[in-house]
Amino acid sequence: MKATTGQAYQLFHQGTQALAEVERAGMRIDVARLDSTVKEVGNQIEELISGMTQSGVWKLWKKRWGVKANLGSRYQLGPVLFEDMDYTSTSKTKTGRTQVNEESLEQVDNPFVKDYLRLEKLKKLQSTYLKGIRRETVNGFLHPSFNLHLVKSFRSSADSPNFQNIPIRDPEVGKLIRSCFIPREDHVLVEVDYSALEFRVAAMHWRDEAMIAYASDSTLDVHRDMAAECYCLPVDRVPKKCRFFAKNQFVFPQLYGSFYANCARSLWGMISSAELTTDDGVGLFEHLADRGIDRLGSCDGSRRPEKGTFEKHIMEVETRFRDKFPQWAKRKEQWWKKYRKCGWFDMMTGFRCQGVYSRNQLYNIPIQGPAFHLLLWSLIQVVRTLKRDKMRSRVVGQIHDSIVADVHRDELNEYLSLVKRVMTVDVREHWPWVVVPLEIEVEKSETNWFEKVAVEA
DNA sequence: CACTGGAGCCAC
DNA sequence: AAACGTGGCTCCAGTG
């Protein structure tokens, strides 16, 4: 693989230099708070363990595993629950062992297992995040590495620690870790995200008119519309959660090569695990049953879905999705055929990918890569401008479609107008194929990375 | 003791 | 035909 245009080369050359500046700046850490959180969580873990080792389940555990018994081993927990006790497992791993993950353990109604899930959550928080970040903190600053040479899609990665996967979805965990990331003295943290970046890039890559229309008109919302279809809701009454799951379990999976059986399985699973309801509080199973959909179906893939199943319904939604975006449906097949013939493909940002790729990688890579390249180009301009103008604000991190900066109070307005211009105007002049508007969302915090609030951009 | 792969979980 | 992608990190279990 090599960068085939000067522009692609320049992007990664300058990108490397800019990210080096980002690494050097680093993010300020509230070390005292981090240390006390480590202690606090450590105490919680100890308490949980001492409670659990009093339990009858632990007796069974020791009976089976003897001196080797290890509370940290899922491998050991599986047979205790599913052989020694009466619980039944739902699924197997690819090596044929019974799965002992969060999803399968949530089916087990047992106080010990509830404690186990909480214990695992706290251990992950403690070892990967709290202690991992503490270990990498030097003189109150964290300097994660940002790589441009490791990712197949020509995205970036981050390590030591991985700045790109700090928890946020679970508010309890997110708060404990993110509140240890703080602005410098007299600074505020500012995080700027591109809105719906990957969808916009997909629209431009496939040159699908309907996709471009969605990407160009902020009153349109593809995730809302597909949520309405998937869960049989009126378009103007789609609950937020339903939209969220349609986005992540239907729209993106479809764009990246999944199919109805897998989408149906995951969308169906969300109904119970997230307790989905209509906007007037009717449970979604009941809502769907009223419309003649009362079970999931086998989701076999090799068998035709049966009438009355959710699988069959999602199969029909999939057909409508392809009809909605006909040029996408057609061009992705041509795209794959052309690659099979010549063995390479080009990204819109000038990278040529040559080598062995799966079909789904061919759908994903030309979207994921260029989406990041828009962000990287913007980051380069922002870093350079801050330096040129001798400003005190610093870019301190990057998460695929967002830029995190530590901005001096007095420079806030200047910084905001800079990023807005670069990310929404200048980048479109640099790459004329950006034919849809780009929008950003801005959040800031005076205190820490958890307490951020939206700012009018 | 060093290393590897699987399984799992965090992010976009 | 076949079935969503890209990563990093931790722990366990197995190997030699």
Side-chain angles (χ1 to χ4, degrees), chain A residues 65 68-78 91-105 117 119-133 135-136 144-170 173-174 177-178 191 193-194 196-199 201-202 247-267 299-302 314-315 318 332-333 336 340 357-369 371-372 375 397-402 404:
Chain A
W65 294 99
K68 282 192 178 149
N70 175 358
L71 195 57
S73 170
R74 295 162 181 277
Y75 177 87
Q76 294 183 7
L77 175 58
S91 52
K92 301 232 178 282
T93 68
K94 64 177 176 184
T95 54
R97 296 214 295 254
T98 52
Q99 227 169 8
V100 191
N101 59 9
E102 196 180 347
E103 200 193 334
S104 60
L105 292 178
L117 283 169
L119 177 65
E120 286 298 297
K121 184 166 108 167
L122 293 177
K123 278 164 69 179
K124 168 88 175 165
L125 166 68
Q126 181 80 311
S127 59
T128 301
Y129 297 107
L130 297 171
K131 288 189 172 174
I133 286 163
R135 193 188 311 129
E136 296 290 343
S145 296
F146 291 97
N147 314 300
L148 291 180
H149 62 297
L150 297 176
V151 182
K152 258 189 164 159
S153 59
F154 291 99
R155 248 195 187 185
S156 66
S157 70
D159 65 77
S160 309
N162 181 354
F163 184 74
Q164 296 175 324
N165 74 344
I166 310 294
I168 188 162
R169 295 270 300 280
D170 180 323
V173 173
I177 182 63
R178 284 188 178 234
E191 183 163 359
D193 292 48
Y194 270 122
L197 184 61
E198 276 195 32
F199 185 81
V201 171
K247 172 182 172 184
N248 294 305
Q249 320 281 4
F250 185 84
V251 176
F252 281 119
Q254 287 284 329
L255 289 178
Y256 296 145
S258 188
F259 80 129
Y260 66 87
N262 287 343
C263 294
R265 221 197 311 262
S266 45
L267 286 166
C299 294
D300 193 327
S302 58
I314 294 299
M315 186 175 85
E318 182 183 277
K332 67 178 183 154
E333 299 309 322
W336 171 244
R340 294 276 288 182
Y357 297 96
S358 72
R359 190 185 183 110
N360 289 344
Q361 285 178 316
L362 237 79
Y363 297 154
N364 175 275
I365 291 170
I367 312 299
Q368 199 184 79
F372 170 67
L375 187 280
Q398 158 272 124
I399 314 173
H400 309 303
D401 67 352
S402 79
V404 182

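The chains referred to below are lettered A, B, ... by the order of the sequence lines, with proteins before strands, and numbering in each begins at 1.
- Bounding nucleotides for the chain A contact on DNA chain C, 5' to 3', at a heavy-atom distance below 4.0 Å, are C:dA1 to C:dG14.
- The distance between atom CZ of A:Phe146 and atom P of B:dA11, rounded to the nearest whole Å, is 16 Å.
- Nucleic acid contact class of A:Val100 (heavy atoms, under 4.0 Å, all strands): sugar-phosphate only.
- Looking at heavy-atom distances under 4.0 Å, A:Arg265 makes no contact with the nucleic acid at all.
- One atom, NZ of A:Lys124, and another, C1' of B:dG8, lie 8 Å apart when rounded to the nearest Å.
- Among the protein residues, A:Ile365 comes within range of no part of the nucleic acid, since none of its heavy atoms lies under 4.0 Å from any strand.
- Using a 4.0 Å heavy-atom criterion, one finds that A:Gly72 contacts the sugar-phosphate atoms exclusively.
- Annotation: side chain of A:Leu117 is in contact with side chain of A:Glu102 (closest heavy-atom distance under 4.5 Å).
- Residue contacts for A:Lys94: at a heavy-atom cut-off of 4.0 Å it reaches the sugar-phosphate backbone alone, with no base atom in range.
- Within 4.0 Å (heavy atoms only), A:Glu102 reaches sugar-phosphate atoms of the nucleic acid but no base atom.
- Checked for salt-bridge contact, A:Arg155 and A:Glu198 meet the test: a charged N lies under 4.0 Å from a carboxylate O.
- Put simply, the side chain of A:Lys124 does not reach to within 4.5 Å of the side chain of A:Val173, judged on heavy atoms.
- Computed from coordinates, the A:Leu125 CG to B:dG8 C1' distance equals 16 Å when rounded to whole Å.
- Relative orientation of the A:Trp65 and A:Tyr75 rings is tilted, given thresholds of 30° and 60° on the angle between their planes.
- At the heavy-atom level, A:Ser156 lies nowhere under 4.0 Å from the strands shown.
- Crowding of A:Lys131 atom NZ: a count of heavy atoms from other residues, nucleotides or ligands under 6.0 Å not exceeding 12.
- A donor and an acceptor atom, one from each side chain of A:Ser358 and A:Asn360, are nowhere located under 3.5 Å apart.
- Using a 4.0 Å heavy-atom cutoff across all strands shown, A:Ile166 reaches sugar-phosphate atoms only and no base atom.
- B:dG8 atom P lies 11 Å from atom CD of A:Glu103, rounded to whole Å.
- Screening A:Ser156, A:Ser402, A:Ser157 against A:Gln164 for a side chain to side chain donor-acceptor pair (under 3.5 Å) leaves a single residue, A:Ser156.
- As judged by a 4.0 angstrom heavy-atom cut-off over every strand, A:Ala158 is placed among residues touching the sugar-phosphate backbone only.
- No engagement by A:Gln254 is indicated, since no non-hydrogen atom pair under 4.0 Å with the nucleic acid exists.
- Separating the CZ atom of A:Phe163 from the P atom of B:dC12 is a distance of 11 Å, rounded to the nearest angstrom.
- Within the nucleic acid shown, A:Arg359 comes within 4.0 Å of at least one base atom, counting heavy atoms only.
- Within the nucleic acid shown, A:Glu120 has no heavy atom closer than 4.0 Å to any nucleic acid atom.
- Nucleic acid contact for A:Leu255: none, since no nucleic acid atom lies under 4.0 Å from a heavy atom of the residue.
- Sequence order on DNA chain C of the closest nucleotides to A:Gln368 and A:Tyr260 puts A:Tyr260 first from the 5' end.
- Counting to the nearest Å, the P atom of B:dA7 and the CZ atom of A:Arg74 are 12 Å from each other.
- Remark: P of B:dG8 and CD of A:Gln126 are 23 Å apart, rounded to the nearest angstrom.
- Whole-Å rounding puts the A:Lys123 NZ to B:dA7 C1' distance at 14 Å.
- Annotation: side chain of A:Phe372 is in contact with side chain of A:Gln398 (closest heavy-atom distance under 4.5 Å).
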